[in-house]
Amino acid sequence: MTFSTALEAKFEKLLNSYPPGRKRAALIPMLLFAQDEVGAITGEVVNEIAGRLEITPLQIDEVVTYYSMLHREPRGKHNIQVCTNVSCLLVGGAELLEHAERKLGIRRGESTADGQFSLEEVECMGACSWAPALQVNYDFHHFVSPEKLDRLIDGLRKAH
Amino acid sequence: MLYNEPSPLEVKILTRRFGLENSQSLDTYLATDGFAGFRKALDMTPDQVIDEVKASNLRGRGGAGFPAGMKWGFVPRDSPKPKYIVVNADEGEPGTCKDRVLMENDPHQLIEGMLIAARAVGAQAGYIYIRGEYRYIIDIMDRAIAEEYERGYLGRNILGSGMDFDVYTHTGAGSYECGEESALLESLEGKRGQPRIRPPFPAVAGAFQCPTVLNNVETFCAVPAIFRDGAAAFADLGPPRNGGTRLFALSGHINKPGVYELPMGFNLLRMIQEVGGGIRGGGKLKAVIPGGSSCPVLRAEECDLSMDFDSVAKAGSMLGSGGVIVMDETTDMVKLAVRIMQFYQHESCGWCVPCREGTLWLEKVLTRVDNGGGRPSDINLIDELARNMLGRTFCPLGDAAAMPTISLVQKFRDEFEERLPKSVPAGDPRLVVVG
């Protein structure tokens, strides 16, 4: 399978980042970066990376099932991740997640039929002092009110 | 970028460049005493470097508060193996968001701290393990690293000293457990983040089974100032055995939540009132979790407290990662206990049975109580389950789940009791079985 030139450059840098004989160390970054490009950790991605790192697909499965950010199925183009952990909970994180469910017409863990949006309830993302917080893919949004979330989603919809 | 206004009460040592134009650039860094500390360290012997860190009373900012200089001193420098510096930037303790702003606003300070540590133990490579959600931070650190290579602050023969040092970023992919140092090292090798049995400790067998200095971002970021201004100046900022400042992340029911750099030992009530602007809506303080969600909760009357490792420990909690979670009188402590346990249940790696099963049972029983279906024996059961996890796991995640739970049940027991259905006769032995 082929990846973009930019991703191949990232892989090459990674493979030069660890001591000799330790190229498996590149596994988790490679999986996450590949997922960003492909959309999911597909069987094809697993086999390709297993081959490059000279490990078994099972060793990759062990890792994929452990880390929350790695997934076998694609998320929506805009993956909305709402934190409901303590600091966010105290200032409306749980209500924000419910609001997002109503706004998008999907439940947490689901994607919209057009594949544009998916919604996840996530654990602490490191924005506690600017809560409630969420991430759309890798972008942070702080002090998110239901109205701000509406504007954010409407803006993303319009962008298509 | 700054996400909250600074406070006039801050003592800006690690955050001194925050808000400067181009604070991420090497030029700004150099124009503001950047690498002054490292240059001094280059003129010192490794033992002198370690002694200086010891004299500064710098203690680990990740949560445990272990003296950093002592940790560095455990590295066997005569070992024929390569030595490594590993930065724990897997910030994941709920309530904590300080490492993110340290890397975002002053990436070179972190690298300088790594260089000084490398000088102390003879390391030639370092890894910054950054949580996967902080993707833009990886880009910031990569740019800073590239700039330093170009200008001779990293690579071969750094500043003509003969010292070689390489720095790499490494991303996690969503795992609280990987913030635990031995699990982080497993993850760095491309495996599931399960903790290692210790000893050997990372100082002896860390990254790739080689001697390793592993500290939190904030710990490394404090090091340049120690060498620039002297260990005594750093130590004097805080009370005995607690040198320097701390980046406190204030969150919850306060008017001005934010990350603030304050001297170690700053009074907690004053922090809430004067730095955080008091309780929102003029409400009343109910409780504080002083150092991230794994720390036992403090009641309002326990909060007239010096925020240093020893004083908070004496008060029965922990300074932890500096995540100060403030709760007003509207806070539902049962719901809080449920949410905390959901988190630890989700993040338990599953290796140790007391943690894997304990967090799951606790989540179920706490949820049952919260939903009004609790049994009279449930409150004691929660306490017993939590106590049975304490000290019975290979890493501190079991304790991290148990400690806040025990404290919540102990200090707010009436709220748990009120949630029990009124019709069930108290103490019916037939109701002890967990469904």
Side-chain angles (χ1 to χ4, degrees), chain A residues 10 13-14 16-33 35-36 41 49 53 55 59-60 62-71 81 83-91 93-94 121-131 133 135 137-140 142-143, chain B residues 3-4 82 91-100 125 127 131-136 166 168-178 187-194 207-208 210 249-253 257-259 280 289 293 323 325-328 331 335-336 339-340 342-343 346-347 349:
Chain A
K10 270 188 167 180
K13 188 181 166 205
L14 276 169
N16 289 312
S17 295
Y18 306 98
R22 293 284 188 173
K23 65 180 172 183
R24 182 180 170 171
L27 176 60
I28 293 158
M30 281 177 82
L31 286 172
L32 191 59
F33 296 153
Q35 175 178 281
D36 289 342
I41 308 289
I49 292 179
L53 296 182
I55 55 178
Q59 286 172 308
I60 295 188
E62 285 176 3
V63 163
V64 173
T65 52
Y66 179 88
Y67 293 92
S68 317
M69 292 175 70
L70 300 176
H71 44 84
Q81 303 145 77
C83 174
T84 60
N85 209 305
V86 178
S87 298
C88 284
L89 182 78
L90 291 173
V91 292
E121 176 180 20
V122 296
E123 297 297 355
C124 184
M125 58 176 64
C128 318
S129 291
W130 318 292
Q135 279 188 295
N137 301 339
Y138 289 106
D139 295 334
F140 279 91
H142 298 144
F143 300 117
Chain B
Y3 303 114
N4 57 269
E91 180 165 66
E93 176 72 20
T96 317
C97 48
K98 65 190 173 64
D99 298 334
R100 190 178 142 201
Y127 295 92
R131 65 177 298 182
E133 293 85 349
Y134 287 4
R135 172 60 56 83
Y136 77 107
D166 292 309
Y168 309 97
T169 54
H170 180 99
T171 180
S175 160
Y176 170 75
E177 173 60 14
C178 290
S187 181
L188 180 64
E189 295 185 7
K191 302 174 196 161
R192 292 166 76 93
Q194 289 182 337
F208 312 109
C210 294
L250 270 62
S251 69
H253 297 147
V259 176
R280 63 166 192 192
I289 296 176
S293 75
I325 306 169
V326 181
M327 290 163 272
D328 71 11
T331 310
K335 285 221 181 315
L336 182 81
R339 187 62 186 88
I340 288 175
Q342 282 172 344
F343 170 68
H346 181 256
E347 300 298 332
C349 80

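Order of the sequence lines sets the chain letters (A, B, ...), proteins ahead of strands, with each chain counted from 1.
When heavy atoms are compared at a cutoff of 4.5 Å, B/Thr331 approaches chain A solely by way of its side chain, counted from C-beta outward. Residue contact with chain B, scored on non-hydrogen atoms closer than 4.5 Å, involves the backbone and the side chain of A/Tyr18 alike. Contacts between B/Cys210 and chain A at a heavy-atom distance below 4.5 Å are absent for every atom of the residue. Neither the backbone nor the side chain of A/Val64 comes within less than 4.5 Å of any heavy atom of chain B. In this structure, chain A has a heavy atom under 4.5 Å from the side chain of B/Tyr127, while its backbone stays farther away. Proximity to chain A (any heavy atom under 4.5 Å) is restricted, for B/Arg339, to the side chain, taken from C-beta onward. If you measure heavy-atom distances from B/Phe343 to chain A, the contacts under 4.5 Å come from both the backbone and the side chain. Looking at B/Leu188, the atoms closer than 4.5 Å to chain A (heavy atoms on both sides) sit in the backbone and in the side chain alike. Of the atoms belonging to A/Glu62, heavy atoms from both backbone and side chain fall under 4.5 Å from chain B. In this structure, the portion of A/Lys13 lying under 4.5 Å from any heavy atom of chain B is its side chain and not its backbone.
A/Arg24 has no carboxylate O lying under 4.0 Å from a charged side-chain N of B/Glu189, or vice versa, which leaves the two without a salt bridge. Salt bridge absent: B/Glu133 and B/Arg100 never bring a charged side-chain N and a carboxylate O closer than 4.0 Å. Taking a cutoff of 4.0 Å between a charged side-chain nitrogen and a carboxylate oxygen, A/Asp36 and B/Arg135 qualify as a salt bridge.
Per-residue heavy-atom pair counts under 4.5 Å with chain B were compared for A/Thr65, A/Asn85, A/Asp139, and the maximum is reached by A/Asn85. Annotation: maximal heavy-atom pairing with chain A below 4.5 Å, among B/Ser251, B/Gly258, B/Gly174, occurs at B/Gly174. Your options are A/Ala127, A/Gly21, A/Cys88, A/Ala25, and the one with the most heavy-atom pairs under 4.5 Å with chain B is A/Ala25. With chain A as partner, the option from B/Gly92, B/Gly95, B/Cys178 having the largest number of non-hydrogen pairs under 4.5 angstrom is B/Gly95. Comparing B/Gly252, B/Gly132, B/Ala249, B/Pro82 by heavy-atom pairs within less than 4.5 Å of chain A, the highest count is held by B/Gly132. Per-residue counts of heavy-atom pairs under 4.5 Å with chain A were compared for B/Phe208, B/Tyr136, B/Tyr134; the largest is that of B/Phe208. Of the residues considered (A/Val91, A/Val86, A/Leu89, A/Ile55), A/Val86 shows the highest number of contacts with chain B, using heavy-atom pairs under 4.5 Å. Heavy-atom pairs under 4.5 Å with chain B were tallied for A/Phe33, A/Tyr66, A/Phe143; the largest tally goes to A/Tyr66. In terms of non-hydrogen atom pairs under 4.5 Å with chain B, the most contact-rich of A/Pro29, A/Ala131, A/Ala94, A/Ala26 is A/Pro29. Contact count against chain B (heavy-atom pairs under 4.5 Å) is highest for A/Thr84 among A/Val63, A/Leu32, A/Leu70, A/Thr84. Options B/Lys98, B/Gln194, B/Lys191 differ in how many heavy-atom pairs under 4.5 Å they form with chain A, and the most are formed by B/Lys191.
If you take CD1 on A/Ile60 and CG on A/Leu27, they are separated by 5.0 Å, rounding to the nearest 0.5 Å. In this structure, the separation between CD on A/Gln35 and NE2 on A/His71 is 3.5 Å, given to the nearest 0.5 Å. Atom CZ of B/Arg131 is separated from atom OH of B/Tyr176 by 11.0 Å, given to the nearest 0.5 angstrom. For the atom pair OG (B/Ser175) and CD1 (A/Ile28), the distance works out to 8.5 Å, reported to the nearest 0.5 Å. Here the straight-line distance linking atom CD of A/Gln81 with atom OH of A/Tyr138 works out to 8.5 Å at 0.5 Å rounding.
Looking at heavy atoms from C-beta onward, B/Asn4 lies out of side-chain contact with B/Pro257 at the 4.5 angstrom threshold. The closest side-chain heavy-atom distance from B/Glu177 to B/Glu347 is not below 4.5 Å. Counting only heavy atoms from C-beta outward, the side chains of B/Ser293 and B/Glu93 approach each other to under 4.5 Å.
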Please walk me through it: do A/Asn16 and B/Tyr168 pass side-chain contact (heavy atoms from CB on, under 4.5 Å)? CA-CA 10 Å; A/Asn16 289 312; B/Tyr168 309 97; over 6 Å; no

With side chain to side chain donor-acceptor pair (under 3.5 Å) as the criterion, how do B/Arg192 and B/Ser187 come out once you've worked through the C-alpha distance, each side chain's angles and the decisive distance to 0.1 Å? CA-CA 6 Å; B/Arg192 292 166 76 93; B/Ser187 181; over 6 Å; no

